[in-house]
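Okay, so here's the structure we're looking at.
Every chain is numbered from 1, with letters handed out A, B, ... down the list of sequences.
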Amino acid sequence: MPELPEVEIVCREMRQALLTQIIQKVEVRERRLRFLIPPAFEKNLEHLTISSLQRRAKYILVGFQGTSDTLVIHLGMSGRISLLPSAESTLYHKHEHVIFTFTSGKEMRFFDPRRFGSMVLMTTPASLFHKIGPEPLSKDFSAITLKDSLLNKKSSIKSALLNQHIIAGLGNIYVSEVLHKAQIHPERLAKDLNLYECDALVSAIKKILQRAIAAGGSTLRDHQRTNGEAGSFQKQFAVYNQEGKNCPNCQESMIERILQANRSTYFCKKCQH
DNA sequence: CGCTCCACCTGAACGC
DNA sequence: TGCGTTCAGGTGGAGC
């Protein structure tokens with residue numbers, strides 16, 4: 001599910017609802033997420049007051065008053081956060097693995113059928129991001145910095161953009177969309193892009209991510225906002241999941257699907273060179 | 001070190 | 001209806 005726009009949406013909604021909330025109780029119903037949740041997890045979180053909520057790459061970072069511990073949340077492929085105004089029910093869905101109850105009565109549930117997601121309490125979250133590339137929506141992500149990080153990359157531009165060490169936050173959906181907008185063929189070698197192409201790519205990335213955030217993210221199957229609503233950016237896809245349809249740009253050529261590293265890439269061979 | 005590939009899981013969609 | 005197969009938005013680590 002979640003690439004940068006979906007994680008950003010969830011993070012903003014959590015910030016809106018949970019800043020200054022005090023954790024009353026943590027209940028772990030399934031410890032076997034991507035990383036096993038240790039037994040001390042619940043006790044270490046109880047009574048803490050939430051003081052910050054930020055997104056970095058596809059991670060949500062929850063900070064607390066009076067401790068340097070940070071709760072690091074990753075949604076994996078199928079993770080969802082739901083926020084309930086009051087804990088009305090102790091009926092849990094099978095895949096609701098972690099339940100936070102706040103002293104206000106609010107509740108947060110982490111749901112993740114595939115269990116590729118994770119919740120980790122760590123004192124040094126910065127170490128996680130040591131090797132992660134720049135935030136695409138920040139000012140320090142530019143044509144120059146992108147060109148620089150693609151130097152010597154022997155992989156395709158598709159693979160390079162999926163590589164979180166080069167740029168943070170893109171996933172399989174948005175890479176297809178962004179390459180189409182920048183009119184760059186997904187099989188081009190990353191190192192061969194010139195500065196103009198990098199510039200087109202940077203501006204396509206910023207625009208598409210911003211539009212996707214404005215639309216609440218993309219919901220294909222798993223992504224939900226914290227109140228259970230779907231995002232709507234999938235209605236604006238130019239190429240992703242659009243195999244066989246006319247390219248919305250040239251109106252002539254059909255969108256094609258190819259496999260790169262065993263993952264689908266969608267593109268228009270007339271528009272993308 | 002850089003790159004590709006696989007494993008990690010469940011559920012939905014599809015074909016027979 | 002049921003059963004088998006395939007595919008899915010991510011990523012850490014194995015292997016080359």
- Reading DNA chain B 5' to 3', which nucleotide is the first, and which the last, to come under 4.0 Å of any heavy atom in chain A? B/dC3 to B/dG11
- Query: Between residues 149-164 of chain A and DNA chain C, which residues have a heavy-atom gap below 4.0 Å?
  - Reply: A/Gln164
- Task: For residues A/Ala57 and A/Ile132, report the shortest heavy-atom separation together with the two atoms involved.
- Result: CB-CG2, 4.0 Å
- Query: Looking only at atom P, what distance separates B/dC5 and C/dC7, rounded to whole Å?
  - Reply: 16 Å
- Task: Find the distance A/Arg55:CZ to C/dG10:P and express it as a whole number of Å.
- Result: 14 Å
Please report, to 0.1 Å, the donor-acceptor pairs under 3.5 Å made by any side chain of residues 30-37 of chain A, with sequence neighbours excluded.
{"residue": "A/Glu30", "atom": "OE1", "partner": "A/Arg32", "partner atom": "NH2", "Å": "3.0"}
{"residue": "A/Glu30", "atom": "OE2", "partner": "A/Arg32", "partner atom": "N", "Å": "2.9"}
{"residue": "A/Glu30", "atom": "OE2", "partner": "A/Arg32", "partner atom": "NE", "Å": "3.0"}
{"residue": "A/Arg31", "atom": "NE", "partner": "A/Ile37", "partner atom": "O", "Å": "2.9"}
{"residue": "A/Arg31", "atom": "NH1", "partner": "A/Glu42", "partner atom": "OE2", "Å": "3.1"}
{"residue": "A/Arg31", "atom": "NH2", "partner": "A/Pro38", "partner atom": "O", "Å": "2.9"}
{"residue": "A/Arg31", "atom": "NH2", "partner": "A/Glu42", "partner atom": "OE1", "Å": "2.8"}
{"residue": "A/Arg31", "atom": "NH2", "partner": "A/Glu42", "partner atom": "OE2", "Å": "3.3"}

- Rounded distance (Å) that lies between atom P of C/dG10 and atom CD1 of A/Ile60: 15 Å
- Message: Can a side-chain donor-acceptor contact be found between A/Arg257 and A/Ser264 if the only test is distance below 3.5 angstrom?
- Response: yes
- When the P atoms of B/dC6 and C/dT6 are considered, how many whole Å apart are they? 15 Å
- Message: Between A/Arg12 and A/Glu8, does any side-chain N to carboxylate O distance fall below 4.0 Å?
- Response: yes
- Query: When you measure from every atom of DNA chain B, which of residues 112-125 of chain A have a heavy atom less than 4.0 Å away?
  - Reply: A/Pro113, A/Arg114, A/Arg115, A/Phe116
- Query: Roughly how many Å is it from CE in A/Met77 to P in C/dT11, rounded to a whole number?
  - Reply: 10 Å
- To the nearest angstrom, the CD-P distance between A/Glu3 and C/dT11 comes to 9 Å
- Task: State, yes or no, whether a side-chain contact exists between A/Thr70 and A/Thr124 at a heavy-atom distance under 4.5 Å.
- Result: no
- Query: Charged N to carboxylate O under 4.0 angstrom, A/Arg55 versus A/Glu135?
  - Reply: yes
- Listed partners of A/Phe116 passing side chain to side chain contact (heavy atoms under 4.5 Å, CB included), at least two apart: A/Met77, A/Arg114
- Reckon A/His74 has a side-chain N or O less than 4.0 Å from the OP1 or OP2 of C/dG10? no
- Separation of C/dT11 P from A/Ile166 CD1 (nearest whole Å): 14 Å
- Using the test side chain to side chain contact (heavy atoms under 4.5 Å, CB included), find all partners of A/Glu256 that sit at least two apart in sequence or belong to another chain. A/Phe267, A/Lys269
- Query: In whole Å, what is the span from the CG atom of A/Leu4 to the P atom of C/dT11?
  - Reply: 11 Å
- Item | Between SG on residue A/Cys268 and CG on residue A/Leu179, distance to nearest 0.5 Å | 12.5 Å
- Item | Validation row: A/Ile184, A/Leu201 side chains within 4.5 angstrom (heavy atoms) | yes
Pull out every protein N or O sitting under 3.5 Å from an N or O of nucleotides 12-16 of chain C, one pair per line with the distance.
{"residue": "C/dG12", "atom": "OP1", "partner": "A/Tyr59", "partner atom": "OH", "Å": "3.1"}
{"residue": "C/dG12", "atom": "O4'", "partner": "A/Arg34", "partner atom": "NH2", "Å": "2.9"}

- Task: Quick one: the dot-bracket string of DNA chain B, using Watson-Crick and G-U wobble pairs with both distances under 3.5 Å, [ ] for crossing pairs and | for bases paired to another strand.
- Result: .|||||||.|||||||
- Between atom CG in A/Asn172 and atom C1' in C/dC7, what is the gap in whole Å? 12 Å
- Query: Do the side-chain N or O atoms of A/Ser264 get closer than 4.0 angstrom to the phosphate oxygens (OP1, OP2) of C/dC7?
  - Reply: no
- Query: Listed by chain and number, what are the side chain to side chain donor-acceptor pair (under 3.5 Å) partners of A/Gln251, not counting sequence neighbours?
  - Reply: none
- Do the charged groups of A/Glu46 and A/Lys25 touch, with an N to O distance under 4.0 Å? no
- Roughly how many Å is it from CD in A/Gln260 to C1' in C/dA8, rounded to a whole number? 17 Å
- Task: Tell me what A/Lys94 touches on the nucleic acid: a base, only sugar-phosphate, or nothing, going by heavy atoms under 4.0 Å.
- Result: sugar-phosphate
Please report, to 0.1 Å, the donor-acceptor pairs under 3.5 Å made by any side chain of residues 236-243 of chain A, with sequence neighbours excluded.
{"residue": "A/Asn241", "atom": "OD1", "partner": "A/Tyr266", "partner atom": "OH", "Å": "3.4"}
{"residue": "A/Gln242", "atom": "OE1", "partner": "A/Lys245", "partner atom": "NZ", "Å": "2.9"}
{"residue": "A/Gln242", "atom": "NE2", "partner": "A/Tyr240", "partner atom": "O", "Å": "2.9"}

- Note on the structure: Across all chains, not counting sequence neighbours, the ring-ring contact (aromatic ring centres under 6.0 Å, His included) partners of A/His74 are A/Tyr59
- Query: Does NE2 in A/His130 sit with more than 12 non-hydrogen atoms of other residues, nucleotides or ligands closer than 6.0 Å?
  - Reply: no
- Item | Distance-only polar pair, side chains of A/Asp69 and A/Thr123, donor-acceptor under 3.5 Å | no
- Message: Within residues 230-244 of chain A, which residues have any heavy atom lying less than 4.0 Å from an atom of DNA chain B?
- Response: none
- Cut-off 3.5 Å, side chains only: do A/Glu3 and A/Asn172 have a donor facing an acceptor? no
- Query: Side chains of A/Gln21 and A/Thr49: donor-acceptor distance under 3.5 Å anywhere?
  - Reply: no
- Could A/Glu187 and A/Lys158 be called an ion pair, given the rule that one side-chain N must be under 4.0 Å from one carboxylate O? no
